[in-house]
Amino acid sequence: MMKRMTGSESRRGYDLHTHSVLSDGTTRPGEIAREAAALGLDGFALTDHDTIDGWDEARRAAAECGVDFLPGIEITTKHEERSRHLLGYGIEPGAGELFEALARVRSSRLSRAREMVRRLARDYRITWEEVVGADDASTVGRPHIADALVAAGYFADRSTAFGAALHPRSPYYMSTLAIDTLEAIRLVRAAGGAAVLAHPAATRMRAPVSARELAALAAAGLWGVELDHPENRGEWLPELRSAASRLGLESTGSSDYHGAGKPNRLGDRTSPPGTVARIRDFVATPR
Ligand code: AMP
Ligand code: FE
Ligand code: FE
Ligand code: ZN
């Protein structure tokens with residue numbers, strides 16, 4: 001027998017991790033909203049690296065095209081010297097410790113990118129102006145340097161540029177300021193948000209986030225873990241999944257869309273509406 005589709009069944013969930021031109025994506029926040037609507041998604045979160053400057057445009061466009069918008073951010077953090085990306089949903093915009101820390105992170109990113117370009121300029125004919133030139137980005141990163149190298153004809157795409165010249169063992173590489181992950185979780189909570197650990201088993205990592213580390217993050221107030229992400233390595237997931245459920249952490253799914261900057265397609269991975277309802281409940285509960 002044919003199953004009749006109701007409106008909600010035909011919807012396709014929420015993509016909870018996307019990037020726009022305000023950080024290292026290649027599409028405007030408004031275009032992400034329109035793409036999400038065209039794909040029939042329930043909604044999406046904009047999670048640009050270390051900035052919320054895309055929220056207003058995303059929210060306006062989402063309202064116009066009838067998709068739900070969840071404000072988010074992806075924060076550059078580190079725990080025990082390892083890079084960890086922390087998603088924050090529903091934080092209150094404005095002043096406060098979190099936004100002061102984010103301003104320091106963005107400013108460090110700027111000087112770090114300048115220094116990397118200075119190093120690269122010994123071997124590649126690229127300039128700082130080409131890296132930041134026509135860009136709307138509030139947060140500068142290696143992808144912008146990659147784009148300049150691609151535009152100058154050295155590499156075919158971002159990925160090739162990363163593999164050849166921008167990876168952490170490259171002579172041109174420099175690290176950038178990252179907030180301690182436990183501190184970042186505290187700051188997200190203090191700003192009224194829900195903290196979710198991004199891509200905890202990404203293939204590029206030497207090892208996945210351990211159950212021990214997850215327990216420490218949970219104790220600091222982590223709300224969830226992004227277990228469904230295109231770059232998570234399948235073999236690493238069962239252990240993380242059981243650790244997350246033991247610790248009472250929620251699980252999210254998202255694509256980590258970067259427009260043309262990465263192969264990840266919008267809506268490839270999604271979270272069900274119930275997950276977003278629980279994020280909103282958590283965010284609305286005074287602490
Ligand atoms: P950064 O935060 O400046 O160190 O740059 C890291 C960002 O570069 C990540 O958020 C990814 O979006 C992007 N990235 C890392 N590796 C690659 C790759 N191989 N191809 C395209 N983008 C990448
Ligand atoms: Fe990125
Ligand atoms: Fe990330
Ligand atoms: Zn991301």
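Values below: all heavy atoms of this structure, side chains included; hydrogens, waters and symmetry mates excluded. This one's a predicted model, so the numbers in the text were calculated from it and none came from an experiment. First listed ligand is number 1; within each ligand, the first listed atom is number 1.
The aromatic rings of His49 and His258 sit tilted relative to each other, their planes meeting at an angle between 30° and 60°.
Side-chain N or O atoms of Asn232 include one that pairs as donor or acceptor with a backbone N or O of Leu227 at under 3.5 Å.
Closer than 4.0 angstrom to ligand 1 sit non-hydrogen atoms from Asp24, His49, Arg109, Arg112, Gly141, Arg142, Pro143, Arg158, Ser159, Phe162, His258, Gly261, Lys262.
You'll find the ring centres of Phe44 and Phe69 inside the 6.0 Å limit.
For the residue pair His79 and Asp180, no side-chain donor N or O sits within less than 3.5 Å of a side-chain acceptor on the partner. Side-chain atoms of Asp50 and Thr76 include a donor-acceptor pair closer than 3.5 Å.
A salt bridge does not link Arg34 to Glu31: none of the charged side-chain nitrogens sits closer than 4.0 Å to a carboxylate oxygen. The existence of a salt bridge linking Glu231 and Arg269 is excluded, since no basic side-chain nitrogen approaches an acidic carboxylate oxygen closer than 4.0 Å. The pair Asp268-Arg265 fails the salt-bridge criterion, with no side-chain N (NZ, NE, NH1 or NH2) lying under 4.0 Å from an Asp/Glu carboxylate O.
Ordered by chain and number, His17 NE2, His19 NE2, Glu74 OE1, Asp256 OD1 make up the set of protein N, O or S atoms under 2.8 Å of the Zn ion (ligand 4).
As for Asp24, its N/O/S atom nearest the Fe ion (ligand 2) is the one called OD2. The Fe ion (ligand 2) sits nearest to atom NE2 when only the N, O or S atoms of His258 are considered. For His49, the N, O or S atom closest to the Fe ion (ligand 2) goes by the atom name NE2.
Looking at Leu16 and Ile279, their side chains come closer than 4.5 Å, going by heavy atoms from C-beta outward. In this structure, Glu239 and Pro208 have side chains that are not in contact, with every pair of non-hydrogen atoms separated by 4.5 Å or more. The shortest distance between side-chain heavy atoms of Tyr14 and Leu70 does not fall below 4.5 Å.
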